[in-house]
Structure formats: structure tokens, C-alpha cells
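Take a look at the structure set out below.
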Amino acid sequence: MTKTTSISLWVSPVNQIQSQKHLLHHKNIKFQLNQTSRSSKLLSPSFNTLYCTRIPATLSLTSTANHQVTDYNDDICRFCEVGNLQKTMDFIGNSEETILDIKTYCHILQLCADSKALHHGRTIHNLICSRGIELDSVLGSKLVFMYVSCGDVREGRRIFNSIVTHNVFLWNFMMNAYAKMGDYEESVYLFQKMLEMGIEPDSYTFSCILKCFAALGNENIGETIHGYVLKSGFGFDSTVVNSMISLYFKHANIDNARKLFDHLPERDVITWNTMISGYVANSLAKKGFEVFTDMIGSGVTVDLATMVSVVAACASMGVLTLGQTVHAYAVKGEFDKKTKFNNTLLDMYSKCGDMDAALKVFKNMDEKSVVSWTSLIAGYTRKDQSDKAIELFLNMKKKGIKPDTFTVTSILHACASNGSLEKGKEVHNYINENQIQSLAVSNALMDMNLLIKSDEFSLILMMILETSKQKIPTGTQVAMMSQQEEFSELRMRNKSQKSKLQLIKN
DNA sequence: CTAGGGTTAG
């Protein structure tokens, strides 16, 4: 399936953007970015302001003549206000013949959305349909909002397509729904449609779309979209610029991220945090730590996310003393009471080679998550203490904590380096039974197979392919297939490398 | 009624 999307953006004459026409490809989406004339639709005055900008906008009562009807409406609205959905539904059920105001339907649908009551929402939708009420932009938007809030994005989208709305909120809401599902292509597609309709994006639109572009990983689009952000007048909007910085970091464009940061007059906590985590993610932990130092110097109050990123920076640098200092600083701010912080702290000690400290953090934690267990397991695996790692793995299962792909990957490496094939096979069975699949898991399984006799090899490979089929994209499957062919050779190479290592050890 | 940053493997 090929989706061809052409976005016409009027691009501001920012010096970095010079090309007249870009043709950018990503996955199955083709972006055609034209530098079009100034008469572009985007420059026309916003007429979306002429329309309602909020869903529960003021509505005229259509049937004021019948007092009886108005009373029903009032009663239902009162139930809605106190959040009593069941009573509202009962009331409607008992008066099926009653024609209600659109406003009343909106109130009920809002309540359904708030309560995530898809079933009731559908009932109301059916009622609206069976009574032949026409879906205008207001009622339609409310239905879309209800369906998407209740998790039925498909039905929400179906209605969204059937109505004409210039409500930016609803477009943002729809785009965000797809972004949350990981369908960034669809989100971008809606963005393009929205521009075609002449709807002006707001800061929420940009935050969402920048996140999507970051995730899609089309590195050429960064500066183009940046130009568009500037052109639209959001160059100093902190949420948009923060998203922009984040996008540049995700595209490994450190220079542009830094430039934005340097020229931003007002930096909030998130700006600082984005810088620190951005540097760490790009293997520039030292730079990240410097930003942290500047942050404290500028008097900004740090938060949990800051501390998590900074500890991660210490872990990445592997400087134990620095980590200990940050740990002490975090205790003062009582961040050591948060599970997420302790997980990072544990990982830091483990990566700095201090397993005793890591274990101490682990034992002192009130709430241990999968991440806590996995971090410790990974730590022992790195230290070649496979027995301890395997023991922890068994303990965590005993405590009823479900291992995830990260845990399984670690434990497979522990099994591999330990040479304990039996345990490895046990884990493999566990993986199959619990459908824990990822590329890393498959790789770890293959890695472990270096220790397995060659006649078992193809069988296990088949199993890997079998279990991976549903979730791993076709491209990866192809890669794995070719890996299968190359594997014998690869295996020989690794074996000879291993024997070399053995020789050095001896 | 929406948004920007943060944890675990290799």
C-alpha cells in the first residue's frame, strides 16, 4: 500500500532553506515539499475563528416550544453535571420517544467520554441515528471525541471523515490519537489535510506533528518544518521550540538543537531537560552534564526528569564519583523516593561497576518494577555473574513480576555466556509461551545459538522466524532470512574470535 | 476536554 502525500508549505526564506523543491521519502510516504507562491492558502486569514473553537460551544435550543421536552433536557443535563451516567442512561431508556436537544446529546456524550463508557456512547449514537438527527459539526465533533476517548479510533475517524470541521482542537485531538498509537504517518496525513483546508495550526498541532516527524526519522525534514514553524510565528513559543529541539536531537542534529537552545530567551525546566536527555541520547553525556551544571547555576528548579537524565549521563560516562555526588544531591531533593529515579540510579551504579551499591539501591526500594529487576539482572550479566542473574530471573517470576523483552534479552545473554544451554531453552520456552517478541530477543536467541550444535541450529532459527512473523516488519524478516544464509559463515567467524579470546585468557 | 522532557537489553 502506497500513500502519496504532497504537502504544500510556504517556506520562509531562512538561510538554511534554499532548495526550491525537495522530494523526501520515508517508508511508504512520499512528501513533496514545494516552495509555492505567497498566495498559498496558508497565508489567507484564518477563518476557523469564525467557527466554534470548542466542542461544547454555545448552542441554540431548537425546541423551546415544548415545555415537557425542555424539562427532560434539564433533568438529563443535571444528571450529567453530577456525573451520573447510569441514571442518565436509565432516564433515556424510560423515555425513548422523547426528542432531545442537540446540547443534551452533547452533554451525555461528554460524560461517556469522561467515563470511557464506549457502550453507552454507542447507545446514544444509535439513538441519534435512528431519530434521523443530522450530524452537524458540533454534534459530529462530540461523537468523534467520545469514540476516540473511549479507544474506538476507527469509528471516531469514520465520523470525523463524514463531517466538515474547522475546529483545531478536534484535528489536534485526532492527530494525537494516531501519534499515541504509533501511526505517525496517519497523523502527518491529517496535518496535511488540515493545511489544505486552510486551518491554521496552533502550538498543540506543532508539538504533535514535530513529535511525529521526529519519530518518522526523516532527517531532511527538520529544517523545512523549522522554517514553517518560524513562518507561522511559533519561533518563540516554548512548547513548540522544545519540541523542535527534541526533534533535532532525535535526528542527531546537535548543532541546530544547540542553536535553538542558545537563542531561546525563556527556558523552562523542559527546555533544560530536553537538552540534557538529548545529549545523553546522542552519546554526549559529558555535554549533557555541563548543561545540568549550567541549569543549577541559572537557578532553575530541577525536577524528577532532570535527575533521571543526569544520573543516566553519569552512567553513560561511567564515572562513579560523579554519580555518587549526584546521588547525594538527589537525596536532598527526596528524589530517591521515586521508583523511576531509583531504577536509573541502580543502573548507574551497575554500569559504573559497583554492583554492591546497585544491590543496596535495589534492596532499599519500596516499589520494584520490571525495570528494577531487569537493571540488576543486566548488571550481573555484564559482570559475567550469570548465576546471580539467572537466580534473580527465577526470583522475579516467583514474585509474580512479568519479564519483558528487556529482561529476556539480558537473561539470554547470561545463559549464553554461562554456557547453560538448558536454562536458555527454558527461557526460550517461556518466550514462546508468553509471546515476548522483539528484534533484540531474536538476536539474543541467535547469539545464544553459537553454543548450540549445528543440527539444532536450523530448527531453532525456524522457531524464531515463526514467533517473530506477526510483529516484526517485513523488512526485518528479510534481513533475518539473509542472516540465516550468512549465519554459518558468521558463526565460524565468531567461533574463531572466541577461540582467540580463549587463547588470550590462557 | 489536547502539548513539550525522564528508567531497563544489544
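In what follows, chains carry the letters A, B, and so on, assigned in the order in which the sequence lines appear, proteins first and then strands, with residues in each chain numbered from 1. Since we're looking at a predicted model, the values are computed, not measured.
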Establish, yes or no, whether a centroid distance under 6.0 Å links the rings of A:Trp171 and A:Phe191. no

Among B:dT8, B:dA3, B:dG4, the one nearest any side-chain atom of A:Ser243 is B:dG4

Rounded distance (Å) that lies between atom C1' of B:dG5 and atom CG of A:Asp303: 8 Å

Spell out yes or no: do the side chain of A:Asp268 and the base of B:dG4 have one donor N/O and one acceptor N/O closer than 3.5 Å? yes

Residue pair A:Asp303 / A:Thr306, side-chain donor-acceptor N/O under 3.5 Å: yes

Excluding sequence neighbours, so at least two apart, what forms salt bridge (charged side-chain N to carboxylate O under 4.0 Å, His left out) with A:Glu334? A:Lys337

May I ask you to evaluate whether A:Ser246 reaches the phosphate of B:dG5, defined as a side-chain N or O under 4.0 Å from OP1 or OP2? yes

Do any side-chain nitrogens or oxygens of A:Lys250 fall under 4.0 Å of OP1 or OP2 in B:dG5? yes

Just how far, in rounded Å, is P of B:dG5 from CD1 of A:Ile270? 8 Å

With a non-hydrogen cut-off below 4.0 angstrom, is A:Thr205 in contact with a base, only sugar-phosphate, or nothing? nothing

Regarding A:Asp202 and A:Thr205, do their side chains bring together a donor and an acceptor under 3.5 Å, going by distance alone? yes

Measure from CE on A:Met175 to C1' on B:dG4 and round the result to the nearest Å. 14 Å

Taking the minimum atom-to-atom distance to the side chain of A:Ser410, which one of B:dG10, B:dA9, B:dA3 wins? B:dA9

Please confirm whether the shortest side-chain N or O distance from A:Ser277 to OP1 or OP2 of B:dG6 is below 4.0 Å. yes

The side chain of A:Phe406 lies closest to which of these nucleotides: B:dT2, B:dA9, B:dT7? B:dA9

Counting the atoms with a prime plus P, OP1 and OP2 as sugar-phosphate, which does A:Arg267 contact under 4.0 Å by heavy atoms, base, sugar-phosphate, or nothing? nothing

To the nearest Å, give me how far apart CG (A:Asn343) and P (B:dT7) are. 11 Å

Whether over 12 other heavy atoms sit under 6.0 Å from A:Lys397 NZ: yes

Ranking B:dG5, B:dA3, B:dT8 by distance to the side chain of A:Asn273, first place goes to B:dG5

Options B:dG4, B:dG10, B:dT8, nucleotide nearest the side-chain atoms of A:Ser375: B:dT8

Base, sugar-phosphate alone, or nothing: which one does A:Lys180 contact when heavy atoms must sit under 4.0 Å apart? sugar-phosphate

Side chain of A:Phe169: nearest nucleotide among B:dA9, B:dA3, B:dC1? B:dC1

What integer distance in Å separates A:Leu412:CG from B:dT8:P? 19 Å

Looking only at side-chain N and O atoms, does A:Lys211 come under 4.0 Å of OP1 or OP2 in B:dA3? no

Tell me: CG of A:Asn342 to P of B:dG6, nearest whole Å? 19 Å

Counting the atoms with a prime plus P, OP1 and OP2 as sugar-phosphate, which does A:Asp347 contact under 4.0 Å by heavy atoms, base, sugar-phosphate, or nothing? sugar-phosphate

Nearest whole Å is fine: how far is B:dT7 P from A:Trp373 CH2? 22 Å

Length of the CG-C1' vector between A:Asn176 and B:dC1, whole Å: 12 Å

Whether A:Asn282 side chain and A:Leu284 backbone form a donor-acceptor pair below 3.5 Å: no

A:Ala305 side chain: which of B:dG6, B:dT7, B:dA9 is closest? B:dG6

Closest to side chain of A:Val371, choosing from B:dT8, B:dG6, B:dG10: B:dT8

Given B:dG4, B:dC1, B:dA9, the nucleotide with the shortest approach to the side chain of A:Ser207: B:dG4

Taking OP1 and OP2 of B:dA9, is either one under 4.0 Å from a side-chain nitrogen or oxygen of A:Lys351? yes

Return each pair, listed once, that meets salt bridge (charged side-chain N to carboxylate O under 4.0 Å, His left out) where at least one residue sits in residues 349-363 of chain A; pairs must be two or more places apart or across chains. A:Asp347-A:Lys351

Closest to the A:Lys340 side chain, choosing from B:dT8, B:dG4, B:dG6: B:dG6

